[in-house]
Amino acid sequence: MDASATSLLLLLLLPFLFTAVPQVGGISTTLDGPFAPTTRRFDPSLRRGSDDLPIDHPRLAKRVKSPFPEQISIAASYCPSSLWVSWITGDAQIGTNVTLPDPATVASEVWYGEESGKYPFVQRGTATAYSQLYPFEGLLNYTSGIIHHVRLEGLKTGTRYYYKCGDSSLMALSEEHTFVTLPSCSQNSYPSRVAVIGDLGLTSNSTTTVDHLSENDPSIILMVGDMTYANQYLTTGGKGAPCYSCAFPDSLIRETYQPRWDAWGRFMEPVISKIPMMVIEGNHEIEPQVDEMTFKSYLARFSVPAQESGSNSGFYYSFNAGGIHFIMLGAYVDYNQTGAQYAWLRADLHKVNRQITPWIVAAWHPPWYNSYSSHYQEFECMRQEMEGLLYGYSVDIVFSGHVHAYERMNRVFNYTLDPCGPVYITVGDGGNIEKIDVDFADDPGKCPSPSDNIPEYGGVCHLNFSSGPAKGKFCWETQPEWSAFRESSFGHGILEVVNSTHALWTWHRNQDTYEESSKGDQIYIVRQPEVCLMKSGSATTDYCTC
């Protein structure tokens, strides 16, 4: 058989070769769906371990002396050829009188190279500090240490680097750390594993989640909001409070115990000093203080590629990793069609070249599709404003948190099963103090009233369904047809993109840590670009160039 005949045969067999891939191990694909709604009922033992770790726990302890760096983390930039390194020096202060430190007193340097112990390159960045102030009797003020951010540029993609950070003039550089840059934009290269985690906190369950995630060796982490739960930790007594308003009904403002942020940074450093972590804000990051200031800690502590991706806000941005374009959206800033975020999103989607980055993965904190009683239809306004845009550009997968449980949807658009709708997945099950959510809105007596689940930001757009099985009702009477699988357990997810059309999604439950053959949920997500027409893909330039 000559070469031309062989090529023709391969072209004819190509569709069958693709469909054969998911059959390995008997794993279902989204092409087998929509699936009948399935619920795995709650294991009551999983509510144990939800108490906060004490502030003097060994995993939360400061391990270096000032001015040496601590809480070291890395984050992807817009393009894989650059990367952010962040850390903190100095000591935070908490009390009635605190003084903001001078960031100019310590340099922000990263020394790095491709060989261990050799650092021929150095780049310098910026530093900042912030305060959390409560001018009310009984509430304590806080000032951070000095927070450093350095962007490394001109890196080789898919390459291991070794680095130290700190101030060389003070002989205060960190120990050596290492990272591997993400693959270049291409439909033929992808991050080996994308970990997805939400609503983490600092409990015993949180430690199990993070340890389990580390064992799965991801190449990048998506943190879909609600990281530290510092606003659930009381200054007085050092105990966690699942219900702050219940414990402090006369409080003038919801206090947040900022040292939990420093504890969380130390807790996460062994993982995120070598694996890029991309964050998006959740409601527990709002943290209001004096003069109606919000999100001070979130904005100061994390580097995100907002400017590089054309965003004017740290609350929403995008970045690329191999053949995946990631979009991180903000639910607690203006998401209306007349606003800046919507305009940025439309422009960002329009310039995606699906020949270079076939996959679009979006993430934000509160889910649009959710069949649990908790947060049911809470961000219906955001869905009504933005869903059509995401659907029109054929976004493939959407990750959210907020609901402290797991749920994977069938492909859906506007509450209707649709083979071209995104696969929505809720992973707000990291293990925080508020415990697991166990009630479903379709269970008898568990449907919340329309006056419940009021969002911290935006309006209320609760609706009664006008058609389908829930016609004329606020809640479904059975598990909705768009809800494929749900379970109240703590855990995290791993996304492994195989090629331009197939990606393996696995949800790892915490109780399965020591059972390699046990998976909470697993499915191949399959794109059908030949069926689902998309507006994006018309870009002619390499938008991945930084």
Side-chain angles (χ1 to χ4, degrees), residues 22 25-30 32-50 195-200 203-206 208-209 212-213 216 224 367-376 397-412 417 423-432 434-448 469-470 475-496 504-525:
I27 302 171
S28 297
T29 82
T30 50
D32 299 322
F35 300 94
T38 299
T39 298
R40 187 180 290 157
R41 287 290 170 177
F42 173 65
D43 178 356
S45 67
L46 300 177
R47 280 214 161 193
R48 300 170 185 167
S50 289
V196 188
I197 186 172
D199 301 71
L200 184 59
T203 69
S204 296
N205 284 320
S206 309
T208 304
T209 301
H212 197 180
L213 179 149
N216 283 326
V224 294
W368 293 348
Y369 289 94
N370 163 41
S371 66
Y372 287 80
S373 298
S374 179
H375 306 300
Y376 181 76
I397 308 171
V398 172
F399 292 113
S400 296
H402 203 42
V403 177
H404 301 158
Y406 175 77
E407 187 169 18
R408 172 175 53 84
M409 316 311 152
N410 285 310
R411 290 191 179 276
V412 61
L417 296 178
V423 175
Y424 291 85
I425 300 175
T426 299
V427 283
D429 53 355
N432 65 78
E434 292 181 329
K435 302 183 180 180
I436 205 79
D437 284 324
V438 299
D439 295 328
F440 303 114
D442 48 271
D443 282 340
K446 298 300 182 180
C447 178
C475 292
W476 294 53
E477 292 183 348
T478 59
Q479 184 176 354
E481 60 185 359
W482 39 261
S483 173
F485 177 77
R486 61 190 184 184
E487 179 180 359
S488 299
S489 293
F490 290 121
H492 73 281
I494 296 288
L495 180 70
E496 300 171 79
L504 179 63
W505 166 254
T506 307
W507 176 53
H508 295 270
R509 305 182 305 173
N510 281 3
Q511 62 264 40
D512 300 328
T513 304
Y514 304 108
E515 302 176 26
E516 292 185 5
S517 61
S518 179
K519 305 292 188 299
D521 183 36
Q522 192 169 53
I523 191 170
Y524 276 95
I525 298 173

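We use all heavy atoms of the structure for the numbers below, so side chains are in, but hydrogens, waters and symmetry mates are not.
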Going by the rule side-chain contact (heavy atoms from CB on, under 4.5 Å), which residues pair with [X] if we only count those two or more places apart in sequence or in a different chain?
X	result
Ala441	Ser373, Tyr376, Pro448, Cys475
Thr426	Pro367, Val403, Glu407, Met409
Glu477	Lys473

Legend entry - Non-hydrogen atoms of Val427 and Trp505 that approach each other most closely: CG1-CZ2, 4.0 Å

Inset, instruction - Please report the closest heavy-atom contact between Glu487 and Arg509, naming both atoms and the distance. - result: OE2-NH1, 2.7 Å

Hey, could you give me the [atom1]/[atom2] distance between [X] and [Y], rounded to the nearest 0.5 Å?
X	Y	atom1	atom2	result
Phe490	Asn432	CZ	CG	6.0 Å
Arg41	Thr39	CZ	OG1	5.5 Å
Thr29	Ile523	OG1	CD1	6.5 Å
Asp443	Thr478	CG	OG1	10.5 Å
Leu495	Ile397	CG	CD1	4.5 Å

Inset, instruction - Would you please say whether a donor-acceptor pair under 3.5 Å links the side chains of Ser206 and Thr203? - result: yes

Legend entry - Side chains of His375 and Asp437, donor plus acceptor under 3.5 Å: no

Between the main-chain N or O of [Y] and the side-chain N or O of [X], is there a donor-acceptor pair closer than 3.5 Å?
X	Y	value
Thr209	Gly430	yes
Asp199	His402	yes
Asn410	Glu481	yes
Tyr372	Tyr406	yes
Asn216	Leu213	no
Arg40	Gly520	yes

Counting C-beta onward and ignoring hydrogens, is there a side-chain heavy-atom pair between [X] and [Y] closer than 4.5 Å?
X	Y	result
Tyr524	Thr30	no
Phe35	Arg408	yes
Trp507	Asp429	yes

Inset, instruction - Classify the angle between the aromatic ring planes of Tyr424 and Tyr369 as parallel (below 30°), tilted (30 to 60°) or perpendicular (above 60°). - result: tilted

Inset, instruction - Classify the angle between the aromatic ring planes of Trp482 and Trp476 as parallel (below 30°), tilted (30 to 60°) or perpendicular (above 60°). - result: perpendicular

Inset, instruction - Going by the salt bridge (charged side-chain N to carboxylate O under 4.0 Å, His left out) test, name the single residue among Asp442, Asp439, Asp521 that passes it with Arg486. - result: Asp442

Legend entry - Identified side chain to side chain contact (heavy atoms under 4.5 Å, CB included) counterpart of His508 within the set Thr506, Asn510, Asp512: Thr506

